[in-house]
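As a basis for the values below, the full set of heavy atoms in this structure was taken, side chains included, without hydrogen atoms, waters or symmetry mates.
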Amino acid sequence: MWGETFDDFENEECEMAVAKQNLMCEPARADFTFSKLPLGIQPVDFMKTHFAETAAKSMQFRKGTTTLAFVYEPATPNDKGGIIVAVDSRASSGEYISSKSVMKILDIGDRMVATMAGGAADCQFWTRIVAKYCTLYELREKTSITVSAASKYFANVLYGYRGKGLSVGSMVAGYDKKGPQIFKVDSEGDRCQLKVCSVGSGSLNAYGILDNHYKPQMTDDEARKLGLRAIMHATYRDSGSGGVCNLCHITPTEKIRLPPMDVSKLWYEFADELGRDITYNPVE
């Protein structure tokens, strides 16, 4: 630069050399390290005390959830039809509630989702693997993958790890050129196509509502209310389910995610709709 001498350039070069040397050196380690568990707790003894089957007050790796999906046709020209996917949001481990706001509807494509029931880490990890495969397929083939192909790949991946301790119970639901489709996939590699499906510890309660109120043709409002009603009843009769109800509506043209609904509020809304009292008041 103007006004600088050769000595100034030499000083800048020396400073740059010192800076590079400092950056290339290995950073000094902190004196504080976690070499062992706090307070001298032994990992093996801790696991036996809190997670063993014979522990008095154990926190078992037991899962609980309720997920459902069903296909319906539009009842009127103003309805869209498609697939309703409804889930709860509780993550539990036995009697311990680890989270109340888990999103159990995971995106796979523009008009395809997968639900998670079982181990949260297993479901999230393997669903991301399937989503990556679907994205690469679309980039390579210049077309969207079908729901059948995505669920088949999911089942094949899980079948390769059969007996390794995975805990996955998922539904792959979406809309493709063949129409709306739902496939149930589990960690044993089983795969089957269904029109009405529910997975999780509260699935029997959800099936009770679906078997009584499901119709092949419904309005969009009726279908969404049916999904909310089934999840609400399951959360009140299954200790592993709870939180809020997340609902996704997959139509032939789009994927609509509705705002989460608190199941406590849904209980009072449906009770008022039926004209049923929450508590019993004896007549004097």
Side-chain angles (χ1 to χ4, degrees), residues 65-89 103-115 117 144 146-148 150-151 170-185 192-200 202-237 241 244-276:
T65 187
T66 303
T67 62
L68 64 90
F70 57 86
V71 179
Y72 74 100
E73 297 178 0
T76 64
N78 296 327
D79 299 320
K80 299 179 180 179
I83 304 174
I84 293 293
V85 183
V87 299
D88 73 319
S89 65
M103 173 52 71
K104 300 181 182 180
I105 303 178
L106 307 177
D107 292 323
I108 292 183
D110 294 336
R111 291 182 297 167
M112 192 186 315
V113 298
T115 61
S144 299
T146 62
V147 182
S148 177
S151 62
S170 179
M171 293 181 295
V172 181
Y175 214 106
D176 56 20
K177 57 186 178 182
K178 296 182 180 180
Q181 299 183 81
I182 300 173
F183 287 88
K184 178 183 176 184
V185 181
C192 62
Q193 186 176 7
L194 299 168
K195 292 190 66 175
V196 179
C197 182
S198 181
V199 183
S203 60
L204 295 179
N205 302 307
Y207 270 127
I209 301 299
L210 294 174
D211 292 341
N212 286 323
H213 299 279
Y214 171 77
K215 295 180 294 184
Q217 290 186 347
M218 290 184 289
T219 64
D220 293 341
D221 187 54
E222 289 176 347
R224 293 175 180 179
K225 280 188 176 181
L226 177 58
L228 294 174
R229 186 190 298 272
I231 293 297
M232 182 272 296
H233 280 281
T235 55
Y236 270 85
R237 288 163 176 82
S241 304
V244 299
C245 178
N246 292 304
L247 193 142
C248 179
H249 184 192
I250 305 176
T251 69
T253 58
E254 59 183 342
K255 179 170 56 179
I256 305 171
R257 285 184 177 269
L258 300 180
M261 298 289 292
D262 191 351
V263 293
S264 299
K265 295 181 180 179
L266 289 175
W267 171 266
Y268 290 101
E269 290 180 5
F270 286 122
D272 292 339
E273 181 180 336
L274 297 175
R276 181 183 303 171

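Here R111 contributes atom CZ and Y175 contributes atom OH; the two are 8.0 Å apart, rounded to the nearest 0.5 Å. Taking CG of N78 as the start and OG1 of T219 as the end, the distance is 10.5 Å to the nearest 0.5 Å. Rounding to the nearest 0.5 Å places CG of L247 at 6.5 Å from CD1 of I105. To the nearest 0.5 Å, atom CG of residue L266 and atom CZ of residue R229 are 10.0 Å apart. If you take CE on M232 and OG on S264, they are separated by 10.5 Å, rounding to the nearest 0.5 Å.
Remark: D262 CG is packed, more than 12 non-hydrogen atoms of other residues, nucleotides or ligands lying under 6.0 Å away.
Partner of D88 under the side chain to side chain donor-acceptor pair (under 3.5 Å) criterion, chosen from T235, T65, T66: T65.
Taking S144 as the reference, E138 meet the side-chain contact (heavy atoms from CB on, under 4.5 Å) condition, with sequence neighbours excluded. Residues forming a salt bridge (charged side-chain N to carboxylate O under 4.0 Å, His left out) with K195 (at least two apart in sequence, or on another chain): none. Residues satisfying the side-chain contact (heavy atoms from CB on, under 4.5 Å) test with S89, not counting sequence neighbours, are V244, N246. By the side chain to side chain donor-acceptor pair (under 3.5 Å) test, R224 is found to be paired with H249, residues two or more places apart in sequence or in another chain being considered. Scanning for side chain to side chain donor-acceptor pair (under 3.5 Å) contacts around K265 gives an empty result, with sequence neighbours left out. Applying the side chain to side chain donor-acceptor pair (under 3.5 Å) test to N205 and every residue at least two apart in sequence or in another chain returns nothing. K184 is linked by a side chain to side chain donor-acceptor pair (under 3.5 Å) to nothing, counting only residues two or more places apart in sequence or in another chain. Every residue meeting the salt bridge (charged side-chain N to carboxylate O under 4.0 Å, His left out) condition with D107, not counting sequence neighbours, appears here in chain and number order: K255, R257. The side-chain contact (heavy atoms from CB on, under 4.5 Å) test applied to N212 returns no partner, not counting sequence neighbours. Applying the side-chain contact (heavy atoms from CB on, under 4.5 Å) criterion to A223, with sequence neighbours excluded, gives F70, Y72, I84, M218.
Of all heavy-atom pairs spanning V263 and C245, the tightest one is CG1-N, 4.2 Å. Between G202 and A234 the shortest heavy-atom distance is O-CB, 3.6 Å. Shortest non-hydrogen contact noted between S203 and G200 is OG-O, 2.9 Å.
Put simply, the side chain of I182 reaches to within 4.5 Å of the side chain of V71, judged on heavy atoms. Between I250 and V113 the shortest side-chain heavy-atom distance falls below 4.5 Å. Put simply, the side chain of V199 does not reach to within 4.5 Å of the side chain of T115, judged on heavy atoms. Taking 4.5 Å as the limit, every side-chain heavy atom of M171 sits out of range of all side-chain heavy atoms of F183.
With Y207 contributing its side chain and S198 its backbone, the two residues share a donor-acceptor pair below 3.5 Å. Side-chain atoms of S151 never come within 3.5 Å of backbone atoms of V172 as a donor-acceptor pair (strictly under, hydrogens ignored). Looking only at distances, no side-chain donor or acceptor of T67 sits under 3.5 Å from a matching main-chain atom of V87.
For residues 208-218, the pairs satisfying salt bridge (charged side-chain N to carboxylate O under 4.0 Å, His left out) are K215-E222, with sequence neighbours left out. Listed by first and then second residue, the salt bridge (charged side-chain N to carboxylate O under 4.0 Å, His left out) pairs that reach into residues 66-81 are K80-E254, sequence neighbours excluded.
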Can you list the steps and then say if R237 with H233 is a side chain to side chain donor-acceptor pair (under 3.5 Å)? CA-CA 6 Å; R237 288 163 176 82; H233 280 281; 3.1 Å; yes

